[in-house]
Amino acid sequence: EVQLVESGGGLVQPGNSLRLSCVASGFTFGSCDMSWIRQAPGKGPEWVSVINSGGGTTSYADSVKGRFTISRDNAKNTLYLQMNSLKPEDTAVYYCATGRPPSNSKWYSGGSDYWGPGTQVTVSS
């Protein structure tokens, strides 16, 4: 069965950094595009970043561009999200997911068949 397990979340102060990891199993990770999706309190899921199967092409939401970096290590079946200069508005549950958005929409409305359980990121002073 497909499994995605995130780790690395926590409570940090504004301006600090976190590195999220997602370990995948149960499918051919190296053949699949991958995404990070987040959901803040009271809001719907939001696309954060996308990476193609080989890792050579990436894209980011405008709100995180220049601060976050998505990457992957296909030999380790692992997806990463380096988050720098964190802001309180980055507070959310962050999910690792297969696939990519079918359009340029900000809010998630389909495109990923499998999600991990998520990891909480809280940015507060």
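It should be emphasised that the depicted structure is a prediction, and the values quoted were computed from it without experimental measurement. The basis for the numbers below is simple: all heavy atoms, side chains too, and nothing from hydrogens, waters or symmetry mates.
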* Minimum heavy-atom distance between S35 and G99, given as atom pair plus value -> OG-O, 2.6 Å
* Are more than 12 heavy atoms from other residues, nucleotides or ligands located less than 6.0 Å from atom OH of Y114? -> no
* To do: Provide the closest heavy-atom pair for L20 versus G9 in the form atom of the first, atom of the second, distance.
  => CD2-N, 3.6 Å
* Could you tell me whether a side-chain N or O of W115 sits under 3.5 Å from a main-chain N or O of L4, the two making a donor and an acceptor? => no
* Asked: Are V5 and I37 in one and the same hydrophobic cluster, where Ile, Leu, Val, Met, Phe, Trp and Tyr link if side-chain heavy atoms are under 4.5 Å apart?
  -> no
* To do: Carefully, step by step, assess K43 and W107 under the rule side chain to side chain contact (heavy atoms under 4.5 Å, CB included).
  => CA-CA 9 Å; K43 298 183 179 180; W107 303 106; 4.3 Å; yes
* Judged by atom type as modelled, is there a donor-acceptor pair below 3.5 Å linking the side chain of R72 to the main-chain atoms of G55? -> no
* **Any S63 side-chain heavy atom under 4.5 Å of E89 side chain** => no
* For T91 and V123, indicate whether the former's side chain and the latter's backbone hold a donor-acceptor pair under 3.5 Å. => yes
* **Side chain proximity check, I70 to V50, heavy atoms < 4.5 angstrom** => no
* Honestly curious: do Y94 and L11 fall in one hydrophobic cluster under the side-chain, below-4.5 Å linking rule? -> no
* Asked: Would you call D62 and K106 a salt bridge, using N to O less than 4.0 angstrom?
  -> no
* In terms of hydrophobic clusters joined by side-chain contacts under 4.5 Å, are W47 and L81 together? -> no
* Asked: Nearest heavy-atom pair of L18 and L86: which atoms, and what distance?
  -> N-CD1, 3.9 Å
* Asked: According to a 4.5 Å side-chain heavy-atom criterion applied to Ile, Leu, Val, Met, Phe, Trp and Tyr, with indirect links allowed, do L79 and V121 form part of one hydrophobic cluster?
  -> yes
* To do: Please confirm whether the backbone N or O of F29 pairs with a side-chain atom of N77, one donor and one acceptor, at under 3.5 Å?
  => no
* Shortest non-hydrogen contact between S17 and N84, atoms and distance -> OG-OD1, 2.9 Å
* Residue that, paired with C22, satisfies side chain to side chain contact (heavy atoms under 4.5 Å, CB included) out of Y95, Y80, W36 -> W36
* Structure fact -> Heavy-atom closest pair (A92 atom, R38 atom, distance to 0.1 Å) is CB-CB, 3.9 Å
* To do: Give the intermediate values and the outcome of side chain to side chain contact (heavy atoms under 4.5 Å, CB included) for residues R67 and D90.
  => CA-CA 11 Å; R67 299 187 298 118; D90 294 318; 2.8 Å; yes
* Output yes when a side-chain donor or acceptor of S53 lies under 3.5 Å from a complementary backbone atom of D33, and no otherwise. => no
* Path from V23 to V93 over hydrophobic side-chain contacts below 4.5 Å -> no
* Heavy-atom closest pair, residues G110 and P102 -> O-CD, 3.2 Å
* Would you kindly say whether S105 and S103 are connected by a side-chain donor-acceptor distance under 3.5 Å? => yes
* With distance as the sole test, does E6 use its side chain to make a donor-acceptor pair with the main-chain N or O of G118 at under 3.5 Å? -> yes
* CA sep, side-chain torsions, deciding dist, call: S49, V64, side chain to side chain contact (heavy atoms under 4.5 Å, CB included) -> CA-CA 9 Å; S49 186; V64 308; 5.6 Å; no
